[in-house]
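The structure under discussion appears below in the form of structure tokens.
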Amino acid sequence: MRPTIVKAAALLALLVGVSGPALAGWELNMPRGVTPVSHEVYHLHMLALGIVTAIGIGVFSAIIWSLIHHRKSRGVTPAKWHESMTAEIAWTIVPFIILIALALPAAYVMINMEDDSGAEMTVKVTGYQWLWHYEYVDDEVDFYSRLDTSRQAMLGEIPKPDDYLVGVDNPLVLPTDRKVRFHHTSGDVIHAWWVPEFAMKKDSIPGFINTNWAEVQEVGVYYGRCAELCGRGHAFMPITVKAIPGEAYDEWLELMQAGEDEAAEELVAGHFNDEDYQVVENR
Amino acid sequence: MSAVITEHDDHHHEAPSPWSIKRWLSTTNHKDIGTLYLWFALLMFFVGGFMALIIRAELFQPGLNLVDPHFFNQMTAMHALVMIFGAVMPAFVGLANWMVPMMIGAPDMALPRLNNWSFWILPFAFTLLLLTLFLPGGAPAAGWTLYPPLSLQTGAAFPFLILSIHLLGISSILGAINIIATIFNLRAPGMSLMKMPLFVWTWLITAYLVIAVMPVLAGAITMLLTDKFFATSFFSATGGGDPVLYQHIFWFFGHPEVYILILPAFGIISTIIPTFARKPLFGYSSMVYATASIAFLSFIVWAHHMFTVGMPLAGQLFFMFSTMLIAVPTGVKVFNWVATMWRGAMTFETPMLFAIAFVVLFTIGGFSGVMLALAPADIQYHDSYFVVAHFHYVLVPGAVFAIIAGVYYWLPKWTGHMYDERLGKWHFWLSAIFVNVLFFPQHFVGLAGMPRRIPDYSLQFANFNAISTVGAFGYGIAQLIFLWLVIKCIRGGKPATQEVWEGSRGLEWTVPSPAPHHTFQTAPEVK
């Protein structure tokens, strides 16, 4: 038996080991994120996780206790009772109260999440098979954003870069500490624009416009993905958002309006060390 | 009512040879049809499982390693269709065919010829569906949910898919009608509704769900068909329609469907635990009411699958609250199972092991379900691997474990032989361990931001995906033990007694093992 276990463990280690330059691959939890709403969602998630974990410990302890003590091999005789109105009422009412304790904060977060009033600017996001289009609605700036990973890297002909399947050619640039409204729509099938650090996910639906909002509080590079199955290239239309301070953003916008794309790109790059692809640092 | 019974024209008293093809094609015997359903379900379980292994093999490492992304999408869609409509639902119908008449003291199903037809539709439906893999453009690749406009991009497979789902719907509806007719008309004298075994109760409620929602699915896919071929635009904004309308109709079917896949499992577990705890089921009537409540609630929660489509705030709050309510009757069930075990005198034969694993692992799936009900948190979970982990926890160590537990439990009654307990234990422990290796890490990658239905992913998800794939192959290989065990048990083994289990109760244990071809031709008296 023992050598089998050792062999199995070695095999598992080998299998995990050969899965390439897996950086920071042990992330277990939802990111806390960088917007007020993402913090609220994170806390709601942790509250729910805490409650179900506590209930789980209670229920599973009872099962384990029972499995150990109430077994025929210990010579016990089975009890005869098989109902109790008190117990039934108790385990109907108590979970109900716990659920209310969860529902109230959830409703509060939901109301806040839907309130896009007072936004200072609007970005229209259009999904296509398989790329994104960003339009700064009042500022006459728009561009497409495509995957920046080579096919050779996908096929394993060259080593996979650290930003494999997350990097894009033209990232969305946002100012920090400003409330940004997003409009979502699509040019073909349904997509969904998801950036976990913003707790933002909304379906892009052809012929309809959906709305949500974000207020990014930290300068940084944030990554996301299309979340709704949209065909063959579904995995290959990532999202990159670069958040920079408001004044720098204004400057960037002017450069973009003047058609000086390269200068604009340099300005954004000045806020980051582009060599550092660090998903985890943003958490 | 008695006319229904006497019109039964099969006068054989001995079962014809198992090697006669005509026997299986023309049978109207509930036990034969139950056997057909169960073998068909097992075959589809391996077909769908093979597709799952293709998916997991591709996801073992980042990169496009084995299959084209379009073929990967075909696998995710077909895996779900095959497992839901080909494996889990037919397995439950097979168990109902075998056990419902024997549990209520009926000689057969109420509508035996309809019963034959319900089954024999299935092979045709799945031939159509699986054939699409060889058509130009391949099999359906828009997920089992078939959301338009993407599903309308399906190639030559599209009409095959729609016709196949229509056939599956007809088969399920006919099966459900038969079960309801049997339960209401053929119960033995003295068996009042509140004396029925819980498996019969859960199937009765499930059958109503099937009849209520399968026609809704039929409507939705027919609208897809006319949108594609007959220039309607139910689901296209360019003609005044709305893609989200499809999602509402689909999930009005889809959510009760989820309970169609789990309520009979509740019935099986509620039968097995009392047997091996040697103590009656705790809270029988509350179990019945809880099942009925879950069935009712299943009709008013559908849009919790759609929190990201842009519903009004009031709609999101309503569906969040109604969904959370489901936790109450579901919790009652779990507590009742634990209370049944409490102060019993348990033994741990294979059916009991699978039942206990069901209670624990299904509860974990229920916990993630409560988390998913919270609309703002669902904005993060939606369409991520967290959802994949959630519904696989309720469907694999949930529904599938319950079916397997039921097969182990009744196999001696069906075959007249005890199965190989040692092989059963191996099957259980390998399944229970690997199913967690397979699905638990998927919670982590989902929370960290990995979407579902993707053939390739960024490097930070590599470790847990590799572990998950190891679990998938371990779980898949362990199921071959089950196949071997079942064949071995049919071919021989220690003769089973009439009661089979020390703590067994109910009419099915009052007939010999193996159960004769015809049972309860004279109705038993139930006190």
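The chains referred to below are lettered A, B, ... by the order of the sequence lines, with proteins before strands, and numbering in each begins at 1. Nothing here was measured: the structure is a model prediction, and the numbers come from that model.
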Inset, instruction - Among A:D188, A:L44, A:I190, A:L229, single out the residue with the greatest number of heavy-atom pairs under 4.5 Å to chain B. - result: A:L229
Inset, instruction - Measure distances from A:E114 to the heavy atoms of chain B and classify the residue's part below 4.5 Å as side chain, backbone, both or neither. - result: side chain
Inset, instruction - Heavy-atom distances under 4.5 Å only: say whether A:A107 touches chain B with side chain, backbone, both or neither. - result: both
Inset, instruction - Using non-hydrogen atoms and a 4.5 Å limit, figure out which bit of B:Q74 sits close to chain A: side chain, backbone, both or neither. - result: neither
Legend entry - Region of B:P148 in contact with chain A, defined by heavy-atom distances below 4.5 Å: backbone
Inset, instruction - Pick one of side chain, backbone, both or neither for A:L49, based on which atoms fall under 4.5 Å of a heavy atom in chain B. - result: both
Inset, instruction - Ignoring hydrogens and angles, state whether a donor on the side chain of B:H390 or B:S368 is under 3.5 Å from an acceptor on the partner side chain. - result: yes
Legend entry - Top of B:T340, B:V360, B:V338 for chain A proximity - count of heavy-atom pairs under 4.5 angstrom: B:V360
Legend entry - Which atoms of A:I51 approach chain B - backbone, side chain, both or neither, heavy atom under 4.5 Å: neither
Inset, instruction - Output the option from A:L67, A:V41, A:V109 having the highest count of non-hydrogen pairs under 4.5 Å with chain B. - result: A:L67
Inset, instruction - Could you tell me which portion of A:F236 (side chain, backbone, both or neither) has an atom closer than 4.5 angstrom to a non-hydrogen atom of chain B? - result: side chain
Legend entry - Contact summary for A:P105 and A:L47, nearest pair of heavy atoms: CG-CD2, 4.0 Å
Legend entry - Part of B:M450 lying under 4.5 Å from any heavy atom of chain A: backbone
Legend entry - Segment of A:I98 engaging chain B (4.5 angstrom heavy-atom cut-off): neither
Legend entry - Close side-chain approach of B:Y457 to A:R225, heavy-atom, < 4.5 Å: no
Inset, instruction - Taking atom types as modelled, find out whether A:Y164 and B:D456 have a side-chain donor-acceptor pair closer than 3.5 angstrom. - result: yes
Inset, instruction - Let me know if A:R151 has heavy atoms under 4.5 Å from chain B in its side chain, its backbone, both or neither. - result: side chain
Legend entry - Residue selection (most heavy-atom pairs with chain B, distance under 4.5 Å) from A:A153, A:A199, A:G75: A:A199
Legend entry - Contacting region of A:M110 [heavy-atom separation from chain B under 4.5 Å]: both
Inset, instruction - Please confirm whether the backbone N or O of A:E157 pairs with a side-chain atom of A:Q152, one donor and one acceptor, at under 3.5 Å? - result: no
Inset, instruction - Counting only heavy atoms closer than 4.5 Å, note whether B:L281 contacts chain A via side chain, backbone, both or neither. - result: backbone
Inset, instruction - Under 4.5 Å heavy-atom distance to chain A, tell me which part of B:F348 shows up: side chain, backbone, both or neither. - result: side chain
Inset, instruction - Evaluate the ring planes of B:F444 and B:F464, with Trp represented by its six-membered ring, and classify them as parallel (under 30°), tilted (30 to 60°) or perpendicular (over 60°). - result: tilted
Legend entry - Atom CZ of A:R232 with >12 non-hydrogen neighbours under 6.0 angstrom: yes
Legend entry - Contacting region of B:A373 [heavy-atom separation from chain A under 4.5 Å]: neither
Legend entry - Backbone N/O of A:G127 and side chain of A:W193: donor-acceptor pair under 3.5 Å: no
Legend entry - B:K279 side-chain N/O to B:A339 backbone N/O, donor-acceptor pair under 3.5 Å: yes
Legend entry - Polar side-chain atom of A:S66 near backbone of A:A62 as donor-acceptor pair, under 3.5 Å: no
Inset, instruction - Tell me, out of A:S84, A:A192, A:G156, who's got the most heavy-atom pairs with chain B below 4.5 Å. - result: A:S84
Inset, instruction - Please flag which part of A:M200 lies under 4.5 Å from any non-hydrogen atom of chain B: side chain, backbone, both or neither. - result: backbone
Inset, instruction - Below 4.5 Å from any heavy atom of chain A, which atoms of B:I356 appear? Answer side chain, backbone, both or neither. - result: side chain
Inset, instruction - Describe, in one word, how the ring planes of B:Y381 and B:F386 are oriented to each other, choosing from parallel (under 30°), tilted (30 to 60°) and perpendicular (over 60°). - result: parallel
Legend entry - Any donor-acceptor N or O pair under 3.5 Å, side chains B:R278, A:T77: no
Inset, instruction - Against chain A, work out which of B:A142, B:G310, B:S384 has the most heavy-atom pairs shorter than 4.5 Å and name it. - result: B:G310
Legend entry - Contacting moiety of B:F335, where chain A heavy atoms sit under 4.5 Å: both
Inset, instruction - Measure distances from A:W91 to the heavy atoms of chain B and classify the residue's part below 4.5 Å as side chain, backbone, both or neither. - result: both
Legend entry - Interchain contact, A:I205 with chain B, by part (heavy-atom threshold 4.5 Å): side chain
Inset, instruction - Tell me, out of B:I364, B:L64, B:V445, B:I454, who's got the most heavy-atom pairs with chain A below 4.5 Å. - result: B:L64
Inset, instruction - Could you check whether the rings of A:F182 and A:H184 sit parallel, tilted or perpendicular, using 30° and 60° as the cut-offs? - result: parallel
Inset, instruction - Side chain from CB out, backbone as N, CA, C, O: work out which of these in B:D68 comes under 4.5 Å of a heavy atom of chain A, or both, or neither. - result: side chain
Legend entry - chain B contact via A:I209 - side chain, backbone, both or neither, heavy atoms under 4.5 Å: neither
Legend entry - Basic-acidic side-chain contact under 4.0 Å: A:E27, A:R32: no
Inset, instruction - Inspect the surroundings of CH2 in A:W65 and state if more than 12 heavy atoms from other residues, nucleotides or ligands are less than 6.0 Å away. - result: no
Legend entry - Heavy-atom contact with chain A under 4.5 Å, split by part of B:Q380: both
Legend entry - Distance-only side-chain donor-acceptor flag, B:N336 / B:S286, under 3.5 Å: yes
Legend entry - Top contributor to chain B contacts, counting heavy-atom pairs under 4.5 Å, from A:A48, A:P95, A:P206, A:P238: A:P206
Legend entry - Flag, side chain of A:H70 to backbone of A:V76, donor-acceptor distance under 3.5 Å: no
Inset, instruction - Tell me, for B:F321 versus chain A, whether the close heavy atoms (under 4.5 Å) come from the side chain, the backbone, both or neither. - result: side chain
Inset, instruction - Can you measure from OG (B:S458) to OH (A:Y223) and round to the nearest 0.5 angstrom? - result: 10.0 Å
Legend entry - Proximity breakdown for B:A141 and chain A, heavy-atom pairs closer than 4.5 Å: backbone
Legend entry - Which portion of B:N73 sits near chain A, non-hydrogen atoms under 4.5 angstrom: side chain
Legend entry - Non-hydrogen atoms of B:R453 and B:G143 that approach each other most closely: NH2-CA, 3.7 Å
Legend entry - Criterion ring pair (Phe, Tyr, Trp, His ring centres under 6.0 Å) against B:W337, the qualifying member of B:F358, B:F362, B:W342: B:F358
Legend entry - Portion of A:Q129 that has a non-hydrogen atom of chain B nearer than 4.5 angstrom: side chain
Legend entry - Contact class of A:P161 relative to chain B, heavy atoms under 4.5 angstrom: backbone
Legend entry - Pairs of heavy atoms under 4.5 Å with chain A: top-ranked of B:A345, B:P451, B:A237, B:A327: B:A345
Inset, instruction - Sort B:M341 into side chain, backbone, both or neither according to what part of it lies under 4.5 angstrom from a heavy atom of chain A. - result: both
Legend entry - Minimum-distance pair of heavy atoms, taken over all atoms of A:N212 and A:K201: ND2-N, 4.2 Å
Legend entry - Heavy-atom donor-acceptor pair, A:T149 side chain to A:L165 backbone, under 3.5 Å: yes
Legend entry - Interface residue of largest heavy-atom contact number with chain B, from A:G231, A:G207, A:A87, under 4.5 Å: A:G231
Legend entry - Max heavy-atom pair count under 4.5 Å with chain A, selected residue of B:L152, B:L313, B:V332, B:L150: B:L150
